[in-house]
J.: 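My questions will all concern the structure given below.
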Amino acid sequence: MSASADGPTSLLGSIRDPQDLRGLTEEQLTVLAAEIRDFLVDKVSRTGGHLGPNLGVVELTLALHRVFESPKDRILFDTGHQAYVHKIVTGRQDGFDLLRQRGGLSGYPSRAESEHDLIENSHASTALSYADGVAKAYALRGEKRHVVAVVGDGALTGGMCWEALNNIATSRNPLVIVVNDNGRSYAPTIGGLADHLSTLRLSPGYEKVLDLIKDALGHTPVVGGPLYEVLHGLKKGLKDAVAPQAMFEDLGIKYVGPVDGHDLAAMESALRRARAYGGPVIVHAVTRKGYGFRPAEEDEADCLHGPGGAFDPETGKLLAPASVKWTHVFAEELVAIADERPDVVGITAAMAEPTGIAKLMRKYPERAYDVGIAEQHAITSAAGLAIGGLHPVVAVYATFLNRAFDQVLLDVAMHKLPVTIVLDRAGVTGPDGPSHYGIWDMSVFGTVPGLRIAAPRDAATLRVELREAVAIEDGPTIVRFPTGSVAADLPAIDRVGGVDVLARAERRDVLLVAVGSFAHLGVEVAARLAEQGYGVTVVDPRWVRPVPVDLVGLAREHRLVVTLEDGVRTGGVGDAVAKALRDADVWVPLRDLGIPQDWHPHGTRAQILADLGLTAQDISRQVTEWVSRLEDPTQPPARTTANGRTTGNGRTAVNGRAAANGGRGGRH
């Protein structure tokens, strides 16, 4: 690795604005590209982040900023995790020491960070729609500004891209679309379009194919010559089948390429021609994910797409000791179930390795499907598989299932189809920021009739609840779990119906309903409250939707019910339990603890939960105040102080539930 990137005489140190790139010579640009790669490996090796995609777009990004004038010209990245080089050349080098950490740079474009970032697009396949609207707005306002959308890492496998392309072609506004074709999303990109583009990189020229055919047919008597003439007449058709320009130009969009995305001069030339055209143009750049860093180039699984933490900058190996991850537990159990049930199949949306479906693919390749970045298609395709007599297991990140709500509601649930959806990274995930927090699923999908939602608390309950889910044949199921390492197993001391009892005291002051991975937190809270003389029963409902009937019965036996969930409070498990109590004429007061309906900045999971007051100490203090209020109704209501802390108790219960609980961020 070169040390020049951090040295006082480095070129990189002199780049604080895109304008600084304009006067550099070709030789200086080559040096700068190498320094940027060294800088990326050095910084990301300490913080974790998206390395492979950014190593692949160094020259492409430099060319963009030399041809276009950001921020006057708008450059949109899709997906947003390939924007690190853009951040470097727009004056944010210093922030990389805290990349994806509290107070540091976001791992995606961020409007709060820079005027050069227009959209915070960390979900794929959206930038072309943004670009279409922005270009139309500039045209209507008479503004002479260029719009550029960089689309890569499999984003073109998403349906929104093609809806946008159809409209972009008809609008005829000046818009440059750079297709960063690295053949990969997280893993190698699959699908018809990916195959079509890869033909350019991998197949021999069509002229060579025709020559071979001619040689063969020349030795075929009678029919050989005439048949060759027919084939020769199909020359244009064969050419169109090999090259993708016909596909785009049939839409009415001009095509330039393919261009070597690591040849800066070639990229600049192509972009200048596209800029001068005055209408929609696609520039097809062929790049290599992880380019210039041998461990990334040799990583066949995902080219070091996103190391989950600090790694050795020489080898690319993670420094943290290996631990059992939630995803690994799911992957192992899914394969075990598939061994027993030939009707079980797996589906994922461009994330076979990150969601664990890859393990099933390796053992049963014919029974696992990666549909690309197409969550809507994944769900409705799963519905078709279920109609055909199979039981599909769809594994996606919790945040991405939001894109397929209509499909879950009407294509799966309305037909009462046995589809199991496994949500990885549910709850607050931390460094990836608000767009990737999986905090909406229990609220959003809790409205779907007939849908059952399970939230396992440890590895043992994940295995059991996954098996329970795939055993259900009269409707859809969701199994959700967080990111990271699995905590130690937390055995139940009793079970009431389908509800696990995790802690119990002689006094029955509080029923603490702890959802999923918050079960350990609930048990710790109970121990703290026991020291204050209060009796707490901690239960894990296991299946949170619909609310277990036995949970209502347990609530009836206590003075106060508190729900604790790693999801948004609005419409969440607390709301569902409160409704179940009202419907059963159980008027025990209820307070709900969870994530506020808001956008929460990136940081570690522990930092964010602490900010929201979702720690054992904060929760114990809050519950103590609530219980003391029940004993002494003359106490004043809670007041939130300037620093966000709370004095007193929450507001008075309305219809068996607190209208608001007056806590810190997590309880507003």
Side-chain angles (χ1 to χ4, degrees), residues 12 15-22 36 39-40 43-44 47 49-51 53-58 60-138 141 143 145-153 155 160-161 164 175-178 180 271 275 306 399 431-437 598-603:
L12 180 56
I15 304 299
R16 295 295 171 179
D17 184 89
Q19 293 295 326
D20 297 333
L21 299 173
R22 298 298 174 86
I36 289 174
F39 178 89
L40 286 170
K43 299 302 182 183
V44 179
T47 63
H50 291 94
L51 181 62
N54 290 286
L55 292 174
V57 298
V58 175
L60 189 156
T61 305
L62 292 177
L64 281 169
H65 279 290
R66 280 169 57 83
V67 172
F68 296 95
E69 299 180 24
S70 179
K72 176 186 175 183
D73 297 333
R74 309 307 312 207
I75 302 175
L76 289 64
F77 287 87
D78 187 354
T79 55
H81 61 230
Q82 60 184 327
Y84 288 11
V85 184
H86 165 76
K87 289 180 182 248
I88 289 172
V89 300
T90 54
R92 287 173 271 178
Q93 295 176 32
D94 295 342
F96 274 84
D97 287 328
L98 292 175
L99 176 67
R100 300 169 73 247
Q101 297 179 21
R102 176 61 53 85
L105 290 181
S106 165
Y108 301 96
S110 169
R111 293 163 64 92
E113 285 179 7
S114 173
E115 61 180 344
H116 295 277
D117 292 359
L118 183 62
I119 54 174
E120 307 197 10
N121 57 321
S122 50
H123 284 198
S125 309
T126 60
L128 290 183
S129 296
Y130 279 117
D132 176 49
V134 172
K136 287 174 178 173
Y138 291 160
R141 292 165 59 90
E143 298 184 27
R145 304 171 70 176
H146 295 274
V147 180
V148 185
V150 183
V151 183
D153 255 23
M160 269 187 73
C161 275
L175 198 164
V176 177
I177 301 164
V178 179
N180 173 26
L271 290 171
R275 183 179 186 273
T399 181
D432 278 333
S435 67
H436 273 56
Y437 294 163
D598 203 350
W599 310 112
H600 307 288
H602 65 273

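Atom set for the values below is all heavy atoms of this structure, side chains included, hydrogens, waters and symmetry mates excluded. Please read all numbers here as calculations on a predicted model, not as lab measurements.
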J.: Looking only at heavy atoms, which two atoms of Ile88 and Ile36 are closest? And how far apart?
T.: CD1-CG2, 4.0 Å

J.: Testing the basics here: between Ala131 and Leu76, what is the closest heavy-atom pair and its distance to 0.1 Å?
T.: N-CD2, 3.8 Å

J.: Does Gly56 offer a backbone N or O that forms a donor-acceptor pair with the side chain of Gln82 under 3.5 Å?
T.: no

J.: Mind listing the closest non-hydrogen atom pair of Pro109 and Ala83 along with its distance?
T.: CG-CB, 4.0 Å

J.: Test salt bridge (charged side-chain N to carboxylate O under 4.0 Å, His left out) on Asp17 and Arg22; report intermediate values, then the result.
T.: CA-CA 10 Å; Asp17 184 89; Arg22 298 298 174 86; over 6 Å; no

J.: Go through the steps for Thr61 and Val150 under the test side chain to side chain contact (heavy atoms under 4.5 Å, CB included), then give the verdict.
T.: CA-CA 9 Å; Thr61 305; Val150 183; over 6 Å; no

J.: Indicate yes or no: at least one non-hydrogen side-chain atom of Val148 is less than 4.5 angstrom from one of Val178.
T.: yes

J.: Might you point out which heavy atoms bring Arg92 and Ser114 nearest each other, and give the distance in Å?
T.: CZ-CB, 3.4 Å

J.: Short question: side chain of Gln93, backbone of Arg16 - any donor-acceptor pair under 3.5 Å?
T.: no

J.: Quick check: do Arg66 and Leu21 have side-chain heavy atoms less than 4.5 Å from each other?
T.: yes

J.: For the backbone of Val151 and the side chain of Asp78, can you confirm whether one donor and one acceptor N or O come within less than 3.5 Å of each other?
T.: no

J.: Working to the nearest 0.5 Å, report the span between CG of Asp97 and CG of Leu105.
T.: 9.5 Å

J.: Does Arg102 CZ have over 12 foreign heavy atoms under 6.0 Å away?
T.: yes

J.: For Pro18 and Thr90, work out which heavy atoms get closest and say how close.
T.: CG-CG2, 3.8 Å

J.: Check whether any side-chain heavy atom of Thr47 sits under 4.5 Å from a side-chain heavy atom of Gln101, and report yes or no.
T.: yes

J.: May I ask you to decide if the ring planes of His65 and His116 are parallel, tilted or perpendicular, using 30° and 60° as cut-offs?
T.: perpendicular

J.: Any donor and acceptor pair, going by atom type alone, linking the side chain of Glu113 with main-chain N or O of Lys87 inside 3.5 Å?
T.: no

J.: Of all residues at least two apart in sequence or in a different chain, which pass the side-chain hydrogen bond (donor to acceptor under 3.5 Å, both in side chains) check with Lys72?
T.: none

J.: Among Ile75, Asp117, Val89, which residue meets the side chain to side chain contact (heavy atoms under 4.5 Å, CB included) test with Ser70?
T.: Ile75

J.: Taking the side chain as every heavy atom from C-beta outward, state whether Leu128 and Met160 have any atom pair closer than 4.5 Å.
T.: no

J.: So, the side chain of Arg145 versus the backbone of Arg74: is there a donor-acceptor pair under 3.5 Å, distance only?
T.: no

J.: Backbone N or O of Leu118 within a donor-acceptor pair of the Arg111 side chain at under 3.5 Å?
T.: yes

J.: Given 3.5 Å as the limit, does a donor-acceptor pair link the side chain of Asn54 with the main chain of Tyr84, or not?
T.: yes

J.: On a heavy-atom basis, which atom in Tyr437 and which in Thr399 lie closest, and how many Å separate them?
T.: O-CB, 3.9 Å

